[in-house]
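To start, the structure itself, in structure tokens.
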Amino acid sequence: MTAKHYEIEWEGIRISIIHTHKRWGVIEHLEIRSIEPLRAPLPITDTGYESHYAQEEYLTEYHSPAEYVQAWLDYEAAQPEWQEHLRQSKQYSLF
């Protein structure tokens, strides 16, 4: 069980992706972390860290696990919850 490391930049955030093929001999595992800025929220996690399990066929639809994560981020970023988060983060709060 060897892990491969990828880095991508998404919306100005540097993201580390560690992919373990057939974790426990069964399932794909991705560890996704925002590393610059450290622990920056992402549309898939408020904490900047996500441990994600997926069936192998989901990842093979993409050229690499990094492309899978990029597509996932893009999809979730288009959702109303993330759009609201962006809107709120641009406004100053007095409380």
**OP:** For Tyr62, check ring-ring contact (aromatic ring centres under 6.0 Å, His included) against everything at least two apart and list the hits.
**Re:** Tyr68
Original post:
When His19 is tested against each of Leu30, Ile32, Val69 for side chain to side chain contact (heavy atoms under 4.5 Å, CB included), which residue passes?
Top reply: Leu30
Cluster check [X], [Y]: I/L/V/M/F/W/Y, side chain < 4.5 angstrom:
{"X": "Leu38", "Y": "Tyr49", "value": "no"}
{"X": "Trp10", "Y": "Leu59", "value": "yes"}
{"X": "Tyr58", "Y": "Ile44", "value": "yes"}

If we only count heavy atoms from C-beta on, is the [X] to [Y] side-chain gap below 4.5 Å?
{"X": "Glu81", "Y": "Glu76", "answer": "no"}
{"X": "Arg33", "Y": "Ile18", "answer": "yes"}
{"X": "Gln88", "Y": "Glu84", "answer": "yes"}
{"X": "Ile35", "Y": "Glu7", "answer": "yes"}

**OP:** Tell me, yes or no, whether the heavy-atom count around Asp74 atom CG, taken from other residues, nucleotides or ligands under 6.0 Å, exceeds 12.
**Re:** yes
Give, for atom [atom1] of [X] and atom [atom2] of [Y], the distance between the pair rounded to the nearest 0.5 Å.
{"X": "Ile8", "Y": "Ser64", "atom1": "CD1", "atom2": "OG", "value": "8.5 Å"}
{"X": "His52", "Y": "Thr45", "atom1": "NE2", "atom2": "OG1", "value": "12.5 Å"}
{"X": "His85", "Y": "Lys90", "atom1": "NE2", "atom2": "NZ", "value": "10.5 Å"}
{"X": "Glu50", "Y": "Glu31", "atom1": "CD", "atom2": "CD", "value": "10.5 Å"}

What heavy-atom pair brings [X] and [Y] nearest, and what distance separates the two atoms?
{"X": "Ala77", "Y": "Pro43", "result": "N-CB, 3.8 Å"}
{"X": "Pro41", "Y": "Ile13", "result": "O-CD1, 4.0 Å"}
{"X": "Glu57", "Y": "Glu61", "result": "O-CG, 3.4 Å"}
{"X": "Tyr6", "Y": "Lys4", "result": "OH-CD, 3.7 Å"}

**OP:** Applying side chain to side chain contact (heavy atoms under 4.5 Å, CB included), name anything that partners Leu86, two or more places apart in sequence or on another chain.
**Re:** Trp82, Gln83
Original post:
For Glu36, what residues pass the side chain to side chain contact (heavy atoms under 4.5 Å, CB included) criterion, not counting sequence neighbours?
Top reply: Arg14
Original post:
Any sub-3.5 Å donor-acceptor pair from Glu28's side-chain atoms to Gln55's backbone N or O?
Top reply: no
